[in-house]
> 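A single structure is presented below for examination.
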Amino acid sequence: MSRRAVRDLVDGESVEEIYVIADKQLRANRNGNTYLLANLRDKTGAISGLMWNVSETSMAHLDAGAFVKVQAKVQMFQGTLQMILTKIEAVPTEGLDPEEFTPQAECDVERLTARMAELVAEIDDDDVRELLQRFLADEDFMQGFTQAPAGTKAHHAYLGGLLEHVVNMMEVADRIAPLYPSVDFNLVKAGVLLHDAGKIRELGYEESFIYTDAGQLLGHLVIGVEMLNEKLAEWAAEKGTPFPEETALRIKHLILSHHGTYEFGSPKLPMTPEAVALHHIDNLDAKVNEFLRDISDDPNGKSHWTAFNQRLGRKLFKGASGD
């Protein structure tokens, strides 16, 4: 029997199925009673699951990233489908196909990897090009880089998403470079490749998408600078001379400032033309991808609008093309 996928759920149906619990929170309602809010996922999408009148002890066996079997009723609430759970229990992984639960990229990973190498090879600053090629020649790095998602919920939240995000950004940088001759797009491309590189250690993505301990404690910006420092140390050891100091500082600044504002977790504001260019290229690709995925994954097929997206603070207009 085929699985009841998240994308196929409809208002009013009863469900008994296995999903991944991507996130788990215990909250208190107005009366002080504890309830479970779980983010349940499979490869087709995610849905919130709520279970009333639980205790911390009764939910202690459920961990983020675990497979769980639920019994629930699907209902529409404020334009969004959710599950009201009557039962949830952890299940072993034996016999389960991880690909049924992990969103996959629709892109050609080999083609994107080759294109990324081409774009790096076109960089005309010898030091920057060689530094980036050291990352591309690192098998462990590339194994993670070509598999990792770019996020767990928002943009490019699927296997291969990080690679797709980076190549899209590099293509944008390559196309707009002639419009801004005073901006060093060699550095911008270095920032594109490395700005989210720390996510290969920040996120766990073998069976489900979770944050690692390093991801929770440090975050991908700090991890990314650490990874860059490792390559800079290799450079100095092999060549007997350090990598150009100012160039290294500029690349580190690109990593640390690419979120753009303090409110979005950026420890530094962009302070170079290259940094502000990177921030906006990153934001463009991330937001367009999130809009497109939200529209394509919306379960309300007959509506001209998606459900309200809490992250975006709005509904999205789909138009009449699906009628």
Side-chain angles (χ1 to χ4, degrees), residues 1-55 58-59 62 64-91 100-104 106 149 151-158 208-209 287-323:
M1 179 183 290
S2 61
R3 297 190 67 259
R4 191 62 179 152
V6 168
R7 180 177 290 175
D8 299 328
L9 297 174
V10 296
D11 184 26
E13 75 171 297
S14 296
V15 179
E16 184 173 355
E17 190 54 270
I18 295 174
Y19 301 102
V20 169
I21 182 166
D23 187 39
K24 160 194 152 185
Q25 298 179 36
L26 295 180
R27 297 184 175 182
N29 63 17
R30 294 178 180 177
N31 297 321
N33 297 320
T34 303
Y35 68 94
L36 170 70
L37 175 60
N39 182 271
L40 303 171
R41 296 189 174 210
D42 64 13
K43 70 178 183 180
T44 70
I47 188 169
S48 293
L50 294 93
M51 189 170 189
W52 311 117
N53 299 318
V54 302
S55 66
S58 67
M59 295 292 108
L62 301 177
F67 293 97
V68 292
K69 186 174 184 179
V70 303
Q71 293 179 8
K73 185 85 169 182
V74 181
Q75 68 171 210
M76 188 72 71
F77 178 70
Q78 295 182 346
T80 302
L81 288 176
Q82 64 182 16
M83 286 184 180
I84 303 301
L85 308 175
T86 55
K87 187 175 182 180
I88 180 170
E89 58 185 3
V91 295
E100 289 289 335
F101 301 89
T102 308
Q104 307 285 327
E106 298 176 359
T152 62
K153 296 179 181 178
H155 71 93
H156 300 85
Y158 41 84
S208 62
F209 298 161
K287 285 295 187 287
V288 170
N289 178 268
E290 186 172 4
F291 271 53
L292 291 173
R293 296 284 293 189
D294 205 49
I295 289 171
S296 67
D297 292 348
D298 184 67
N300 306 306
K302 295 182 179 180
S303 173
H304 292 188
W305 293 86
T306 68
F308 185 83
N309 185 310
Q310 294 287 350
R311 290 190 306 274
L312 299 174
R314 73 201 79 173
K315 298 178 179 181
L316 302 181
F317 183 58
K318 298 186 294 183
S321 59
D323 289 355

> Once the angle between the rings of Phe317 and His304 is folded into 0 to 90°, is it parallel (under 30°), tilted (30 to 60°) or perpendicular (over 60°)?
perpendicular
> With the side chain counted from C-beta on, respond yes when Val20 and Leu40 share a heavy-atom pair under 4.5 Å apart, and no when they do not.
no
> Ignoring hydrogens, what is the shortest heavy-atom contact between Leu85 and Gly49? Give both atom names and the distance.
CD1-C, 4.0 Å
> Does some side-chain heavy atom of Ile295 sit less than 4.5 Å from a side-chain heavy atom of Thr306?
yes
> Which pair of non-hydrogen atoms, one from Phe291 and one from Leu312, has the smallest distance, and what is that distance?
CE1-CD1, 3.7 Å
> Could you tell me the separation between the CG atom of Leu26 and the CG atom of Leu37, rounded to the nearest 0.5 Å?
9.5 Å
> So how far is it from Ile84 CD1 to Ser14 OG, rounded to the nearest 0.5 Å?
12.0 Å
> Go through the steps to decide whether Tyr19 and Arg3 satisfy the test side-chain contact (heavy atoms from CB on, under 4.5 Å), and finish with yes or no.
CA-CA 10 Å; Tyr19 301 102; Arg3 297 190 67 259; 3.5 Å; yes
> Just to verify, what does Gln82 make a side chain to side chain donor-acceptor pair (under 3.5 Å) with, not counting sequence neighbours?
Gln75
> Identify the two heavy atoms, one from Ile18 and one from Phe67, that lie closest to each other, and give their separation to 0.1 Å.
CG2-CB, 4.3 Å
> Do Asn33 and Trp52 make a side-chain contact, defined as non-hydrogen atoms from C-beta onward lying under 4.5 Å apart?
no
> Taking only residues two or more places apart in sequence or in another chain, which ones pass side-chain contact (heavy atoms from CB on, under 4.5 Å) with Ser55?
Thr57, Ser58
> At what distance, to the nearest 0.5 angstrom, does CD of Glu89 lie from CD of Gln71?
7.5 Å
> Using every non-hydrogen atom in the two residues, find where Trp305 and Lys315 come nearest and quote the distance to one decimal.
CE3-CB, 3.9 Å
> Taking all heavy atoms of Ile47 and all of Leu81, pick out the closest pair and write down the distance.
CG1-O, 3.5 Å
> Roughly how far apart are Asn39 CG and Ile21 CD1, rounded to 0.5 Å?
8.5 Å
> Please round to the nearest 0.5 Å and tell me the distance separating atom CG of Asp294 and atom NZ of Lys287.
12.0 Å
> Name the one of Lys73, Met83, Arg4 that satisfies side chain to side chain contact (heavy atoms under 4.5 Å, CB included) with Glu13?
Arg4
> For Lys24 and Leu36, indicate whether the former's side chain and the latter's backbone hold a donor-acceptor pair under 3.5 Å.
no
> Taking the side chain as every heavy atom from C-beta outward, state whether Asp42 and Arg7 have any atom pair closer than 4.5 Å.
no
